[in-house]
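Chain letters run A, B, ... following the sequence lines, proteins first, then strands; residues in each count from 1.
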Amino acid sequence: MVDINFNNTRNQKDSGPVKIVDFSRIEKKWQEKWEKKKCFEVDVNSKKKKYYVLEMYPYPSASFLHMGHVRNYTIGDVYARYKRMNGFNVLYPMGFDSFGLPAETAAKKEGIHPKKYAEASIVKITEYLKALGNSYDWSKVIASHEPDYYHWNQFFFLKLFEKGLAYRKKAPVNWCEKCQSVLANEESEGGKCWRCQSEVVTKELEQWFFKITDYADRLIDDLSKIDWPERIKVMQKNWIGKSYGTEIDFTINNEKWPIFTTRPDTIYGVTFMVISAQHPRLMELVTKEQKKEVELLLKKIKSKNEKEIEELEKEGAFTGSYAINPINNQKIPVYCGNFVVADYGCGMVMAVPAHDERDYQFAKKYKILIKVVINPDTYEFNAEKMSRAYTADGRLVNSEKFNGWSNREAIDAITEHLSKKKLGKKTVNFKLRDWLVSRQRYWGTPIPIIYCDKCGTVPVAEKNLPVLLPEKVDFKVSGNPLATIPEFLNAKCPKCGKIGRRETDTMGGFVDSSWYFLRFCDNKNKNKPFNQDSVNYWMPVDQYIGGAEHAVMHLMYARFFIKALKDMGYVKFDEPFMKLFNQGIVYKNGAKMSKSKGNVVFQTDISNKYGIDTARLFLMVVSSPDKQMEWSDQGVEGSFRIINRLIRLSEKTTKESDPRQDSKINITIKKVNESIEKFEYPKAIISIVECIDSFSEGISRKNFEIILKLISLFTPHMCEELWSKLGNKDFISLSDWPVCDEKKIDSKFEEMERNLEKAVGDIINVLRIIKDKTGKDGEKVYVYVVPFEVNNYNTDLLQKRLGKEVHVFAVNDKNKYDPEGKAGKAKPGKPGIFVE
RNA sequence: GCAGGGAUAGCCAAGCGGUCAAAGGCGACAGACUCAAAAUCUGUUGGCUUAGUGCCUUCGUAGGUUCGAUUCCUACUCCCUGCACCA
């Protein structure tokens, strides 16, 4: 059986490299064998140490893979293979995030049902993923649009509902006009929809939320338990936005209105209040006289889109009401303003124009009093002459009994003072909002709730799950087509049996991805979301791999979800992903590789020409996996050559090894181990290739097998082929990783090699100088070596390297040819040289 | 504006106190093989020098620490990524 044939399929017409090996046949053959023998299928095995490698499961919206995808998945596969060969019981699954808006939109556009569309995509993508040769356990595959999966979304929804962690409320929410649906806070990126980039507007709607804010503290604190890139942690911290401050009660119209501030030290400098223009109780404060003015402001704000509001300067209007500052009973005006965020803190702020830039601008514009209460140590401010707010530290003035205090100390002191008088209290505020999970779309998990006129909001009974998503719907109607299906809409109230109205909103896709990694552990369970023993064996995910774009979306939601499940007793751990790796983006011609940019190199472009192993090897060697990289069509050929050199070496295996070989091999094993652990794949590959090249004259079979194993992480198909050609009956993918034998590493050989290289360099240099001087090529090279190093300089090897006739003499050789006495120049590690 | 990450020879990309004129790849050039290509192999690829040497100028820009910096510190410029009126 000879699969490698150097002479077949030569293709002269193709301007690309000549295809000398039938890669695609070899790839297919081994992929089929792996599948047939269930090589990568795993089960719970308490005797073996587990390792869970996971890549973020893909959205099957497109029917192709490009080099960005290939890179991403190869990073994981290399790691999974490494761990597997090192004796771990490795769970490495793959699935599909198949619910969601893109499928729905794309399907609509093409006039296909989303289900058909998604399933066709899955078939296609599966085919491509399999062609990568990744060591996925395909028996664990899941697709989130299947009732078997979303059944448990509904189940968990009910559990969260029971716990009060899922609730419905009316709130100003982000609405994407194009998607015709609400968006979570995390999905509105700078006022644009994260998916379609169109304008997001604010709407007052009743929606379902998960109470992620209950977990804000734990979401911050537990970041210390996990090994994630610092920037992702920072992003999460900033997003949660914990800030310590003081809540202070101001009195307006005899009613207490609390506000939140981090600067209670400036309370004596408060000269007005500002309530958010979007505050639900705004109108309570607006007097008859001021109504017109305020309404004008609101109209003005509404006419602007998010972007314009951003650029807008501070705008406001007097409400007509006055507040009483609790610390000194001063009467101050209450304004309504566009720069106060309605749903942070209390939606109202105390304004200290002397010491807050925004307040300063507002005060200047509306000619409100500015009162200095903090001076720096060396200077005294004059409120009239200030050109901007002073926000740094200093000593208090105009602050009654706190005069002279350092403002830092005054923060606590004033808070305490207010607390004693029951006018305020120490408190903590978060930027994090509750997670809005409901979507007004068809293609998602139906929310298992029924509204009954008599009983109110009633959960569907567990035994009646799943609430199936009806397949026959009319996509021509605008809005959510579910709302137009009477059979779906009209449902019996689980409590009283009367006909109620079913919730037609579906869950956003991030609910699916918040626990899919648990389902991989037990994907066929019909009775439960998962078997707890399996999940507690496999989880948490040891190594998670995916893009940084999910820093505050998926990665935050999944952490919350797991914490909630832990509290409800479903799992025993509280962090889902112990280590996170963010792969870098693949660029081509300076732009991110993407279909919309038209700079895509498809998986098949490369695999058809060079085989997928070449693509894998190139993507892993060209640059660190965490860095962005530039795709290079020519660069690929370099990796192609490496594989060809490996094949050639396989035909030069010998029986016997020697200490030099063994030393080099063991050094390489060591280097590869260190590099792989740190995801420094290029280093690992370079050291293997160095090893291959240094034995181009021949290598012992045993050592060759070690090289094969090392590089099999990157080029698994070719390695299986060569492995079996050597007569092995098992799979190299399942073989044991080579162990580095430190005893065999001898730095003497490294030094010898270095000296030889130096000598070669010197000889070439001499040859060049002679050529320059005399115009003649040197023909014969004489090398004079100190006696005990004679064996370090191999005549044949030198002849081959130099392409000249070479003679090696020991300096004490009486018969040596040495007309110019160059032998006298020889030193240990540095031979004398004569050329003629 | 704030936070995080970058800037390395023709290009891509390692290095993160000395062994660095700087790994590896690509490209280019030269040589070997060949009738000739392709493939493969060998060498050169900052400058000037030299029988295997020595010197000079280089790792975004300008300074600093150090016996010594591509590697550490400071400022600046440019690029990317995230957040963005959060009180």
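- U19(B) and U34(B) have their C1' atoms separated by 42 Å, given to the nearest Å.
- Legend: residues meeting salt bridge (Lys or Arg N to Asp or Glu O under 4.0 Å) with K371(A), ordered by chain and number and at least two apart, are absent.
- Following rounding to the nearest Å, M235(A) (CE) and A3(B) (C1') show an atom-to-atom distance of 10 Å.
- For L619(A) and C12(B), the CG to P distance is 17 Å, given to the nearest whole Å.
- At the heavy-atom level, V622(A) lies under 4.0 Å from the strands shown only through sugar-phosphate atoms.
- Using a 4.0 Å heavy-atom distance criterion, S696(A) is classed as making no nucleic acid contact.
- To the nearest angstrom, P of A3(B) lies 19 Å from CH2 of W239(A).
- A13(B) and G6(B) are spaced 14 Å apart, taking the P atom of each and rounding to whole Å.
- Counting only heavy atoms from C-beta outward, the side chains of L555(A) and M56(A) approach each other to under 4.5 Å.
- Only the C1' atoms considered, C26(B) is 31 Å distant from G17(B), to the nearest whole Å.
- Atom NZ in K242(A) sits roughly 20 Å away from atom C1' in A3(B) (whole-Å rounding).
- A39(B) and C33(B): their C1' atoms are spaced 11 Å apart (whole Å).
- Across all strands shown, S639(A) has no heavy atoms under 4.0 Å from either base or sugar-phosphate atoms.
- Between F834(A) and Y784(A), the distance separating the two ring centers is not shorter than 6.0 angstrom.
- Between Y681(A) atom OH and A14(B) atom P the separation is 15 Å, expressed in whole Å.
- Ring-centre distance between F362(A) and Y360(A): not below the 6.0 Å cut-off.
- When heavy atoms are screened at a 4.0 angstrom cut-off, S632(A) is found touching no nucleic acid atom at all.
- As judged by a 4.0 angstrom heavy-atom cut-off over every strand, F834(A) is placed among the base-contacting residues.
- A gap of 15 Å separates the C1' atoms of A14(B) and A21(B), to the nearest Å.
- When distances run from any side-chain atom of E189(A) to the nucleotides C83(B), A14(B), A87(B), the shortest one goes to C83(B).
- Within 4.0 Å (heavy atoms only), G638(A) reaches sugar-phosphate atoms of the nucleic acid but no base atom.
- Mapping M629(A) and I770(A) onto RNA chain B via the closest heavy atom, the residue that lands nearer the 5' end is M629(A).
- Contacts of I764(A) with the nucleic acid, taken as non-hydrogen atoms under 4.0 Å apart, involve only primed sugar atoms and P, OP1 or OP2.
- Atom C1' of nucleotide C79(B) and atom CD of E630(A) are separated by 14 Å, given to the nearest angstrom.
- Straight-line distance between the P atoms of A37(B) and G15(B): roughly 41 Å, to the nearest whole Å.
- For Y557(A) and W435(A), the gap between ring centers is short of 6.0 Å.
- Rounded to whole Å, atom P of G52(B) lies 17 Å from atom CG of L802(A).
- When the nearest nucleotides of RNA chain B are assigned to V349(A) and R801(A) by heavy-atom distance, the more 5′-ward of the two goes with R801(A).
- Taking atom P in both C16(B) and C29(B), the straight-line distance is 34 Å, to the nearest Å.
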*Please step through ring pair (Phe, Tyr, Trp, His ring centres under 6.0 Å) for the pair F640(A) and F23(A), ending with a clear verdict.*
CA-CA 11 Å; F640(A) 182 69; F23(A) 289 103; 5.7 Å; yes
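- Atom P of U50(B) sits at a distance of 27 Å from the matching atom of A32(B), rounded to the whole Å.
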*asked:* For Watson-Crick and G-U wobble pairs within 3.5 Å on both distances, what is RNA chain B written in dot-bracket notation, | included for inter-strand pairing?
replied: ((((((((.[[[..)..(.....]]]((((((.......))))))(((.....)))...[[[[[..)....]]]]])))))))....
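- Not a single donor-acceptor pair, N or O on each side, falls under 3.5 Å between the base of C41(B) and the side chain of K800(A).
- Residue contacts shown for K830(A) include a base, since a base heavy atom lies under 4.0 Å away.
- Within the 4.0 angstrom heavy-atom criterion, base atoms lie near V835(A).
- With E697(A) as reference, K800(A) is the one residue of R648(A), K800(A), K652(A) to meet the salt bridge (charged side-chain N to carboxylate O under 4.0 Å, His left out) rule.
- At a threshold of 4.0 angstrom between heavy atoms, the contacts of P831(A) include nucleobase atoms, whether or not backbone atoms are also involved.
- D434(A) and T213(A) are linked by a side-chain donor-acceptor pair at a separation below 3.5 angstrom, with hydrogens and angles left out of the test.
- Residue-level contact check: R645(A) touches the backbone only, with heavy atoms under 4.0 Å from sugar-phosphate atoms and none from bases.
- Side-chain atoms of R754(A) stay outside donor-acceptor range of the base of U19(B), with no qualifying N/O pair under 3.5 Å.
- Separation of the Y782(A) and Y817(A) ring centroids falls under the 6.0 Å cut-off.
- Closest to the side chain of V340(A), out of G52(B), A87(B), U50(B), is A87(B).
- The interatomic distance linking R231(A) (CZ) with G5(B) (C1') rounds to 7 Å, in whole Å.
- For E677(A), the salt bridge (Lys or Arg N to Asp or Glu O under 4.0 Å) partners at least two apart in sequence or on another chain are K83(A).
- Within 4.0 Å (heavy atoms only), V766(A) reaches at least one base atom of the nucleic acid.
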